[in-house]
Amino acid sequence: MTLNELKEKCEGCTRCELCGGRTNLVFGCGKEDADIMLIGEGPGENEDLQGLPFVGRSGQLLDKFLAAVDLNRNKNVYIANMVKCRPPKNRDPKPEEQDTCIYWLREQFKIIRPKIIVCVGRISAQKLISPDFRVTKEHGLFIEKNGVLMMGTYHPAAILRNPNNKEEAFKDWLALREKIKELDLNV
C-alpha cells in the first residue's frame, strides 16, 4: 500500500467523534521514505483549514528548527500527528481518540519505515515513548523502541508560549543532527 492509498482510506474514517468537526483531514506530508519522522499531537485551526501539519505559527518555528539542522519537510522528513482531525478548540487529543487514530499512524510507520522518530510535544512522547515521559526532563534523549530511535522535544507552541525554552529545544535539534551523522543517514 502507498501513502496516497492509505490517505484515501483515512479520509473516510469515522471511528471517533473528531471526524465530525474537521474541515480537512491532516494526514501528513513530506518525503515518503524519510529516515526522520516527526509526530505532533493533533491539527490546529490552520492545519485543519489547509489539510497539512504544522502550518501555523508553530509550524513556522518548527521549519526554522529543521532548516538550522539541514532538514526540510519537503525534502528529507515526514511529518504526521497522533490524530488526523482537529480536536475542538485545539484541546489535547483525548487518550481514546489517540487509541482510535493510532492505527493510521502505525500504517504510516510501516510504509515510511523511519530510522528516527521525533515526538514533537508531550502528547506524542507520552503515547509513543513512555506514559511517564516529561518533556522538561527527558527532551533530547534518544531511546530505542522496536529498532527505531525515538526522541521527545518541546512542541513549538509551548516554546511560543514560553520562549525561555527555545534554547533547550534547539539543543534537541542539534542532538538530532549529531545522531543523523553518527548513524550516517543520507538526509
Side-chain angles (χ1 to χ4, degrees), residues 1-13 15 24-44 46-48 50-56 58-85 93 98-121 123-125 127-129 139-156 169-170 172-187:
M1 180 181 312
T2 68
L3 279 174
N4 283 337
E5 291 168 338
L6 183 63
K7 181 180 179 182
E8 285 178 25
K9 289 182 178 184
C10 189
E11 286 173 337
C13 181
R15 295 179 184 183
N24 286 294
L25 177 79
V26 182
F27 183 73
C29 70
K31 187 174 186 231
E32 296 192 3
D33 61 349
D35 285 337
I36 313 300
M37 187 171 182
L38 280 57
I39 309 297
E41 301 174 353
N46 290 312
E47 291 76 13
D48 180 55
Q50 295 183 45
L52 295 168
F54 287 98
V55 292
S58 294
Q60 292 169 9
L61 180 56
L62 179 64
D63 287 343
K64 287 178 183 177
F65 282 138
L66 291 172
V69 295
D70 301 318
L71 295 174
N72 180 295
R73 69 171 67 220
N74 298 314
K75 291 176 19 185
N76 51 14
V77 298
Y78 190 88
I79 305 175
N81 280 308
M82 290 303 303
V83 297
K84 309 300 183 198
C85 301
Q98 294 175 55
D99 291 344
T100 300
C101 206
I102 201 157
Y103 165 80
W104 301 111
L105 189 57
R106 285 185 180 132
E107 293 301 307
Q108 286 174 302
F109 289 159
K110 289 178 189 175
I111 295 167
I112 298 165
R113 303 176 60 93
K115 302 209 176 20
I116 299 175
I117 293 172
V118 178
C119 296
V120 183
I123 299 293
S124 58
K127 185 69 175 177
L128 300 175
I129 296 174
H139 68 92
L141 303 176
F142 287 89
I143 63 129
E144 186 175 333
K145 271 185 100 169
N146 301 319
V148 177
L149 287 174
M150 303 181 105
M151 176 189 79
T153 189
Y154 290 91
H155 195 287
F170 186 61
D172 298 346
W173 296 101
L174 294 175
L176 174 62
R177 181 174 64 189
E178 289 307 309
K179 189 59 73 174
I180 290 168
K181 286 180 185 177
E182 177 187 319
L183 297 175
D184 196 28
L185 299 180
N186 188 18
V187 294

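In what follows, every heavy atom counts, from backbone to side chain, and hydrogens, waters and symmetry copies are set aside. Being a predicted model, the structure only gives us computed values, none of them experimental.
No side-chain heavy atom of Phe27 sits under 4.5 Å from any side-chain heavy atom of Glu11. Residues Ile102 and Met82 meet the side-chain proximity criterion, which asks for heavy atoms closer than 4.5 Å. In this structure the side chain of Phe109 never reaches within 4.5 angstrom of the side chain of Val148, judged on heavy atoms. A heavy-atom distance below 4.5 Å is not found between the side chains of Cys85 and Asp48. A 4.5 Å side-chain heavy-atom check between Asp172 and Phe65 finds every atom pair outside the cut-off. No side-chain heavy atom of Ile123 sits less than 4.5 Å from a side-chain heavy atom of Val83. A heavy-atom distance below 4.5 Å is not found between the side chains of Phe54 and Asp63. Residues Asn72 and Leu66 have side chains not in contact (no heavy-atom distance under 4.5 Å, counting atoms from C-beta outward).
Contact detail for Ser124 and Gly121: the closest heavy-atom pair is OG-O, 3.4 Å. Of all heavy-atom pairs between Leu105 and Lys84, the closest is CD1-NZ, 4.1 Å. When all heavy atoms of Ala34 and Ile112 are compared, the pair lying nearest together is O-CG2, 3.5 Å. Shortest non-hydrogen contact noted between Pro53 and Arg73 is O-NH1, 2.8 Å. Here the closest heavy-atom approach between residue Cys13 and residue Trp104 is recorded as SG-NE1, 3.5 Å. Residues Ala175 and Gly140 share a closest heavy-atom pair of CB-O, 4.3 Å.
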query: Yes or no on side chain to side chain contact (heavy atoms under 4.5 Å, CB included) for Leu174 and Val69, after CA distance, side-chain angles and deciding distance?
result: CA-CA 7 Å; Leu174 294 175; Val69 295; 4.1 Å; yes
message: Applying side chain to side chain contact (heavy atoms under 4.5 Å, CB included) to Glu182 and Phe142, what does each step give before you reach the verdict?
response: CA-CA 13 Å; Glu182 177 187 319; Phe142 287 89; over 6 Å; no
task: Apply side chain to side chain contact (heavy atoms under 4.5 Å, CB included) to Asp35 and Leu183, showing your working.
output: CA-CA 11 Å; Asp35 285 337; Leu183 297 175; over 6 Å; no
message: Let's go through Ile36 and Leu185 carefully: what are the C-alpha distance in whole Å and the side-chain angles of both, what is the deciding distance for side chain to side chain contact (heavy atoms under 4.5 Å, CB included) to 0.1 Å, and is it a yes or a no?
response: CA-CA 9 Å; Ile36 313 300; Leu185 299 180; 4.0 Å; yes
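Taking CG of Leu38 as the reference point, atom CG of Leu71 lies at 8.0 Å (rounded to 0.5 Å). Lys115 NZ to Lys179 NZ: the interatomic distance, rounded to the nearest 0.5 Å, is 14.5 Å. Rounded to the nearest 0.5 angstrom, Cys10 SG and Glu5 CD are separated by 14.0 Å. Taking CE from Met37 and CD from Gln108, the interatomic distance works out to 4.5 Å, rounded to the nearest 0.5 Å. Rounded to the nearest 0.5 angstrom, Lys64 NZ and Trp173 CH2 are separated by 15.0 Å. Remark: Met151 CE to Leu176 CG distance equals 5.0 Å, nearest 0.5 Å.
Of the residues listed (Asn81, Val55, Leu52), the one engaging Val26 in a side chain to side chain contact (heavy atoms under 4.5 Å, CB included) is Asn81, and it is the only one.
With sequence neighbours left out, the salt bridge (charged side-chain N to carboxylate O under 4.0 Å, His left out) criterion links Glu144 to no other residue.
Under the 30°/60° scheme for interplanar angles, the aromatic rings of His139 and Tyr154 are found to be tilted.
In terms of modelled atom types and a separation under 3.5 Å, the side chain of Lys145 and the main chain of Leu128 share a donor-acceptor contact. At least one donor-acceptor pair under 3.5 Å links the side chain of Asn76 to the backbone N or O of Asp70. Side-chain N or O atoms of Glu47 include one that pairs as donor or acceptor with a backbone N or O of Gly44 at under 3.5 Å.
The 12-atom threshold is not exceeded at NZ of Lys75, counting heavy atoms of other residues, nucleotides or ligands nearer than 6.0 Å. Dense packing is recorded around CZ of Arg15, with more than 12 heavy atoms of other residues, nucleotides or ligands lying under 6.0 Å away.
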